[in-house]
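Here's the structure we're looking at; comments come further down.
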Amino acid sequence: MREDHHDQPHAPDHPMTEFEWRVDAVQALLIEKGVITADEVRRAVEEMDARTPAQGARVVARAWVDPAFKARLLADAKATIAEIGITVGFDATIVAVENTEKVHHAVVCTLCSCYPRGLLGYPPDWYKSLNYRSRAVVEPRSVLSEFGLELRSDVEVRVLDSTADMRYLVIPVRPAGTEGMSEEELADLVTRDSMIGVAQARTPALR
Amino acid sequence: MSARFKAGDRVRVRVGSPPGHFRTPAYVQDKIGAVERFHGDYRNPESLAYGGDGLPRRPLYLVRFPQSQLWPKYTGPARDQLLMDIFEHWLEPA
């Protein structure tokens, strides 16, 4: 094994943490033993970096304009997402849940940071924080309020703690005043946070 | 494996902290919930975490719990729910 890893382009500029050293060492060994190649690692990083919330926004916008698509999405998200040319990849199963005027879903992973990365890309830092992970299940309305989202008491708050193979995608409520907008314009209103359930979709006036 | 529970069934979460990796947080253990949906059969993470094959696959459910039952001091409306994925071997009829 090489003694010095500073020649690696992926090495961070800051002093490496114990976990970074460990990942670095395992990767170097796997390459040295011919299990994987450096180019495969690079491609995997490139592919992951290419995934963004824009993919999820396309899915939500289609669900807003096409009730049959939405019904299929709620029944079998992974297969339905593939219909519009998005390959989620990874082994996890995507499950879509719908927010309405009466029900509001928000997603957390208390055990670690499970997130529909294959669809939305990397999770935001706050999603991985101990503060969000511990408080979102205990006092969700307070946490949502801190994000600027006040929900009426007649709205049922449903917090999803993704502890296993399911990766939840929230379909936010379609904002009022968006009748007649194109699917592409609608997708622009669908933010990452609205698909985690800590915010509503943007209204056209606030774009 | 055939699923033992169906949507609507009342279930109690088993109590336990087996050595190693498991996905059933302490805060739902011994709590009673209702099956929201059956997800299908999935590899067992308690085996996968240690290089096992996770087989046989285990039935996995989405279970909902009223927040007020999980947290005695919950201040939100009684209708608020917590939903969690739980493997069948952690559930018993309630």
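What you see is a predicted model; the values in this text were computed from it and never measured. Numbers restart at 1 for each chain; the letters A, B, ... are given by sequence-line order, proteins then strands. All values below were derived from every heavy atom in this structure, side-chain atoms included, with hydrogens, water molecules and symmetry-related copies excluded.
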Quiz item: What do the steps show when you test A:R158 against B:E36 for salt bridge (Lys or Arg N to Asp or Glu O under 4.0 Å), and what is the final call?
Solution: CA-CA 12 Å; A:R158 291 162 76 91; B:E36 177 79 7; 2.7 Å; yes
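- The minimum heavy-atom distance between A:S153 and B:P77, with the atom names listed, is O-CG, 3.4 Å.
- Of all heavy-atom pairs between B:M84 and A:T163, the closest is CG-OG1, 3.5 Å.
- The heavy-atom pair separating B:W71 from A:V137 by the smallest distance is NE1-O, 3.0 Å.
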- Task: Start with the C-alpha gap between A:Y168 and B:L62, add the side-chain angles, then the distance that decides, and say whether side chain to side chain contact (heavy atoms under 4.5 Å, CB included) holds.
- Result: CA-CA 12 Å; A:Y168 291 97; B:L62 182 62; 3.4 Å; yes
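- When A:S142, A:A106, A:S162, A:P140 are compared by the number of non-hydrogen pairs under 4.5 Å with chain B, A:P140 comes out ahead.
- The salt bridge (charged side-chain N to carboxylate O under 4.0 Å, His left out) analysis of residues 70-83 of chain B, with sequence neighbours excluded, yields the pairs A:R141-B:D80.
- Proximity to chain B is limited to the side chain of A:V95, based on heavy atoms less than 4.5 angstrom apart.
- Applying a 4.5 Å heavy-atom cutoff, none of the residues of residues 7-20 of chain B approach chain A.
- Around CZ of A:F19, the count of heavy atoms belonging to other residues, nucleotides or ligands within 6.0 Å does not exceed 12.
- Residues B:Y27 and A:D161 form a side-chain contact, since some pair of their non-hydrogen atoms from C-beta on lies under 4.5 Å apart.
- Contact of A:L111 with chain B is made through the side chain alone, with heavy-atom distances under 4.5 Å.
- In this structure, chain A has no heavy atom under 4.5 Å from any part of B:L70.
- Residue A:D125 places its CG atom among 12 or fewer non-hydrogen atoms of other residues, nucleotides or ligands, all under 6.0 Å distant.
- Most heavy-atom pairs under 4.5 Å with chain B, from the set A:D154, A:T110, A:V138: that is A:V138.
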Review point. Can you check side chain to side chain contact (heavy atoms under 4.5 Å, CB included) on A:D165 and B:F87, steps first, answer last?
Key: CA-CA 10 Å; A:D165 298 59; B:F87 284 92; 3.9 Å; yes
